[in-house]
Student: 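Before I ask anything, let me first share the structure, which is written out below as structure tokens.
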Amino acid sequence: MHSRREFIHRLAISTAGIPFLSSKFPFFDDRPLRVAIMGLGGYGTRVGEAMQSCRRAKLVGVISGTPSKIKAWQEKYNIPDKNCYNYENFDNIKENTDIDAVYVITPNALHHDHVIRAAKAGKHVICEKPMALNAKEGQDMVNACREANVKLLVGYRMHFEPKTLEIVRMRKEGEFGKILFFQGLSGFKIGDPNQWRLDKDLAGGGSLMDIGIYAINGARYMVGEEPVWVTAQETKTDPQKFKDGVDETIQFQMGFQSGAVASCLSTYNMNNLDRFFLNGEKGFAELQPSTGYGPIEGKTHIGPLTQPHKTHQTVQMDEMAGIILDGHKAIVPVDGMEGLKDLQIIDAIYEACRSGQKVSLQA
Ligand code: NAD
């Protein structure tokens with residue numbers, strides 16, 4: 001990283017005054033973000049596939065505990081042996097100058113250790129949601145990446161989705177007027193009772209960690225403020241499947257400094273729940289589906305949203321390459337602090353479920 005920066009700096013000095021060598025010098029535009037994916041499961045597989053269409057991000061390595069998966073990925077994506085690691089030896093990635101970033105796509109409880117180790121190896125880190133199991137862990141990860149001088153980003157793919165961004169633009173420009181209300185419904189009926197998502201030790205909770213986080217995160221970017229309080233109620237109809245500490249359904253409410261309120265549902269026990277609704281004094285926006293893999297569908301008070309669908313993970317990885325390599329700023333941020341804010345709200349929602357009280361948050 002440093003040598004590249006120095007090189008750019010030297011080149012900038014040496015080309016100063018040569019107008020045709022502008023900042024659009026093709027060498028820099030073409031340099032890809034070279035990524036190793038850690039965790040070759042369902043979502044890792046989707047990201048790997050989507051990265052094949054990236055302009056700026058390139059899959060160059062893998063980290064997995066399953067040799068047969070490594071072999072299959074090597075063959076499919078032409079990954080050299082020297083860029084393959086397992087969970088025991090991946091700290092050696094520090095010596096590998098052909099890898100810029102590690103994308104952590106393992107079960108939630110492993111993110112904390114995996115992100116900190118990748119940061120200590122001097123690699124930028126992209127981490128899947130939820131960034132960690134709680135705000136304390138999230139803060140550790142933010143600190144570790146700061147200390148290692150690497151970037152920490154969270155795989156919030158909706159932050160780059162065109163219909164979502166159009167609503168964010170309209171809200172920023174006042175087209176909905178004062179924002180009054182947000183509704184976020186996020187859920188699905190979960191299958192296999194033996195999967196890690198239903199194991200408190202690996203998932204850190206239940207539906208809220210996995211799918212309810214979309215309503216939390218969505219409330220923040222749709223309303224455009226941080227909540228100052230939450231209330232929450234938990235319902236459990238199947239304690240066999242949803243054991244202690246694994247939430248089945250949580251309804252939660254959030255209040256914002258402006259007076260806007262949000263009402264949300266997170267569940268592992270109902271289908272057809274992927275809907276955002278934003279209401280303001282002058283207009284409204286709705287998205288349904290709002291956070292699935294797409295196409296996202298929606299409309300506002302002035303008509304349907306028509307922005308074309310692009311594979312979310314392809315766009316995300318190209319945009320993240322720009323953030324990491326060129327210091328671009330995302331319209332809706334995707335850095336570790338964003339992940340941490342969602343974890344603070346998750347902590348508060350669980351506390352509100354336990355206590356039955358309204359829980360205050362720092363704005
Ligand atoms: P998955 O079960 O399909 O894959 C998890 C991978 O982690 C597997 O390859 C598994 O072998 C590996 N793993 C490593 N150590 C493990 C351990 N100790 N126990 C179990 N598995 C272990 O899960 P997934 O759906 O790919 O989810 C992975 C992460 O990605 C989760 O944090 C999840 O929230 C996130 N995710 C994000 C999105 C999104 O749209 N952003 C979508 C799906 C999943």
Side-chain angles (χ1 to χ4, degrees), residues 35-51 62-73 84-90 102-115 117-118 125-134 137-138 141 152-161 164 186-188 190-218 221 246-247 266 268 274 289-296 309-317 319-320 332 334 338-339 342-343 346:
V35 179
I37 292 185
M38 175 188 289
L40 309 180
Y43 196 61
T45 299
R46 185 177 286 273
V47 172
E49 198 67 52
M51 283 183 72
V62 288
I63 300 142
S64 166
T66 315
S68 59
K69 282 193 206 166
I70 295 185
K71 189 162 178 287
W73 279 60
C84 297
Y85 297 87
N86 59 39
Y87 294 105
E88 283 71 48
N89 69 15
F90 95 82
V102 173
Y103 192 165
V104 174
I105 318 188
T106 49
N108 307 344
L110 309 177
H111 294 177
H112 178 257
D113 177 57
H114 289 162
V115 166
R117 282 169 65 190
V125 200
I126 304 168
C127 178
E128 258 317 314
K129 46 56 60 178
M131 190 173 90
L133 299 191
N134 51 52
E137 278 193 4
M141 293 151 79
L152 170 59
L153 306 182
V154 185
Y156 288 135
R157 60 189 161 76
M158 302 315 298
H159 294 203
F160 305 106
E161 195 282 318
T164 303
S186 300
F188 63 95
I190 199 161
D192 180 8
N194 298 317
Q195 62 186 292
W196 67 260
R197 281 184 167 77
L198 296 174
D199 175 346
K200 160 105 171 118
D201 290 344
L202 281 172
S207 75
L208 190 68
M209 301 298 291
D210 189 43
I211 190 76
I213 190 172
Y214 284 98
I216 295 170
N217 190 250
Y221 61 69
V246 178
D247 50 283
S266 165
Y268 265 161
D274 183 9
S290 55
T291 64
Y293 296 138
I296 301 303
H309 170 71
K310 292 183 198 146
T311 303
H312 295 174
Q313 296 79 7
T314 307
V315 178
Q316 173 201 320
M317 291 308 290
E319 292 293 327
M320 287 186 166
V332 182
V334 287
E338 285 298 300
D342 284 341
L343 292 170
I346 285 175

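One-based numbering, in listed order, for ligands and for the atoms of each. Source: prediction; values computed, not measured.
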Student: Are Q316 and Y156 close enough that a side-chain donor and a side-chain acceptor fall under 3.5 Å?
Tutor: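 Distance-only check fails for Q316 and Y156.
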
Student: Determine yes or no for a side-chain-to-main-chain donor-acceptor pair under 3.5 angstrom, with D247 supplying the side chain and G206 the backbone.
Tutor: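 The answer is yes, because a donor-acceptor pair under 3.5 Å joins these two groups.
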
Student: For atom 13 (N) of ligand 1, which of S64, G42, P107 has the closest heavy atom?
Tutor: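 Looking at heavy atoms only, the winner is P107.
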
Student: What part of Y293, side chain, backbone, both or neither, has a heavy atom within less than 4.0 angstrom of ligand 1?
Tutor: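 The side chain, only.
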
Student: Of the backbone atoms (N, CA, C, O) and the side-chain heavy atoms from C-beta on, which set of R46 has a member under 4.0 Å from an atom of ligand 1: side chain, backbone, both, or neither?
Tutor: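 For R46, no heavy atom sits under 4.0 Å from ligand 1.
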
Student: For ligand 1, does K69 get within less than 4.0 Å through its side chain, its backbone, both, or neither, judged by non-hydrogen atoms?
Tutor: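 Side chain only.
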
Student: Would you confirm whether N108, through its side chain, and G204, through its main-chain N or O, come within 3.5 Å as a donor-acceptor pair?
Tutor: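 No; judged by distance alone, with no hydrogens or angles, the pair does not exist.
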
Student: Is the closest heavy atom of Y156 to ligand 1 under 4.0 Å?
Tutor: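 Checking ligand 1 against Y156, which is what was asked, there is no heavy-atom contact under 4.0 Å.
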
Student: Below a 4.0 angstrom heavy-atom separation, can you tell me which part of I105, side chain or backbone, both or neither, approaches ligand 1?
Tutor: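 Both parts.
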
Student: Say you draw a straight line from CG of L153 to CE of M320; how long is it, rounded to the nearest 0.5 Å?
Tutor: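 The distance works out to 5.0 Å.
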
Student: Look at the aromatic rings of Y87 and H114 and report parallel, tilted or perpendicular, splitting at 30° and 60°.
Tutor: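 Correct class here is parallel.
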
Student: So, R46 side chain and G41 main chain: donor-acceptor pair closer than 3.5 Å or not?
Tutor: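 No: the side chain of R46 does not pair with the backbone of G41.
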
Student: Give the atoms of ligand 1, by number and element, whose distance to some non-hydrogen atom of H111 is under 4.0 Å.
Tutor: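 So the answer, numbered in order with elements, is 32 (O).
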
Student: Roughly how far, to the nearest 0.5 Å, is CD1 of I216 from NZ of K129?
Tutor: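 K129 NZ to I216 CD1: 11.0 Å, rounded to 0.5 Å.
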
Student: NE2 of H111 to CD1 of I105: how many Å apart, nearest 0.5 Å?
Tutor: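 Here the interatomic distance stands at 8.5 Å.
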
Student: Which of these passes side-chain contact (heavy atoms from CB on, under 4.5 Å) with L208: S266, P130, S186?
Tutor: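 In the set S266, P130, S186, the residue that makes a side-chain contact (heavy atoms from CB on, under 4.5 Å) with L208 is S266.
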
Student: Using the rule given for side chain to side chain contact (heavy atoms under 4.5 Å, CB included), can you reason through H159 versus V154, listing the C-alpha separation, both sets of side-chain angles and the distance that settles it, and then say yes or no?
Tutor: CA-CA 10 Å; H159 294 203; V154 185; over 6 Å; no

Student: Just let me know how D210 lines up against ligand 1, side chain, backbone, both or neither, with a heavy-atom cut-off below 4.0 Å.
Tutor: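 It is the side chain that touches ligand 1; the backbone stays farther off.
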
Student: As a check for students: among M38, E128, H312, identify the option with a heavy atom nearest to atom 35 (C) of ligand 1.
Tutor: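 Nearest option to atom 35 (C) of ligand 1, by heavy atoms: E128.
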
Student: Parallel, tilted or perpendicular, judged at 30° and 60°: which one describes the rings of Y43 and Y293?
Tutor: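 If you compare the ring of Y43 with that of Y293, the planes turn out parallel.
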
Student: Checking a contact table here: which protein heavy atom is nearest atom 34 (O) of ligand 1, and how many Å away?
Tutor: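 Of every protein heavy atom, K129 O, 2.8 Å lies nearest to atom 34 (O) of ligand 1.
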
Student: Under 4.0 Å, heavy atoms only, figure out whether ligand 1 is touched by the backbone of Y103, its side chain, both or neither.
Tutor: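 Under 4.0 Å from ligand 1, Y103 contributes no heavy atoms.
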
Student: How close do T106 and G39 get, heavy atom to heavy atom, and via which atoms?
Tutor: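 Shortest heavy-atom contact: CG2-CA, 3.9 Å.
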
Student: Give me the nearest non-hydrogen protein atom to atom 14 (C) of ligand 1 as residue plus atom name, then the distance to 0.1 Å.
Tutor: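 The closest one turns out to be Y87 OH, 3.4 Å.
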
Student: Among all protein non-hydrogen atoms, which one is nearest to atom 19 (N) of ligand 1, and what is the separation to 0.1 Å?
Tutor: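 In this structure, atom 19 (N) of ligand 1 has L202 CD1, 3.8 Å as its nearest protein heavy atom.
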
Student: Counting heavy atoms only, which part of Q313 comes closer than 4.0 Å to ligand 1: side chain, backbone, both or neither?
Tutor: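 None of Q313 does.
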
Student: Using side-chain contact (heavy atoms from CB on, under 4.5 Å) as the criterion, point out the one residue from N86, I70, V35 that pairs with V62.
Tutor: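 By the side-chain contact (heavy atoms from CB on, under 4.5 Å) criterion, V62 pairs with just one of N86, I70, V35: I70.
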
Student: Give the residue and atom name of whichever protein heavy atom lies nearest to atom 26 (O) of ligand 1, and the separation in Å to one decimal.
Tutor: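 Result for atom 26 (O) of ligand 1: Y43 N, 2.8 Å.
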
Student: What residue and atom, counting heavy atoms only, is the protein's closest point to atom 4 (O) of ligand 1, and at what distance?
Tutor: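 Of every protein heavy atom, G41 CA, 3.3 Å lies nearest to atom 4 (O) of ligand 1.
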
Student: If you count the atoms of ligand 1 from 1 in the order shown, which ones are under 4.0 Å from a heavy atom of L40?
Tutor: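 In order of number, 9 (O).
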
Student: What protein heavy atom sits nearest atom 44 (C) of ligand 1, and how far away is it?
Tutor: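 Of the protein heavy atoms, R197 NH2, 3.3 Å lies nearest.
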
Student: On a heavy-atom basis, I'd like to know which of L110, T106, N108 is closest to atom 15 (N) of ligand 1.
Tutor: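 The residue whose heavy atom sits nearest atom 15 (N) of ligand 1 is L110.
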
Student: Counting heavy atoms only, which part of W196 comes closer than 4.0 Å to ligand 1: side chain, backbone, both or neither?
Tutor: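 The answer is the side chain.
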
Student: Which atoms of ligand 1 are found less than 4.0 Å from any heavy atom of G155?
Tutor: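 It comes down to these atoms of ligand 1: 41 (N).
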
Student: Give the atoms of ligand 1, by number and element, whose distance to some non-hydrogen atom of R157 is under 4.0 Å.
Tutor: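 Matching atoms, with element in brackets: 39 (C), 40 (O), 41 (N).
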
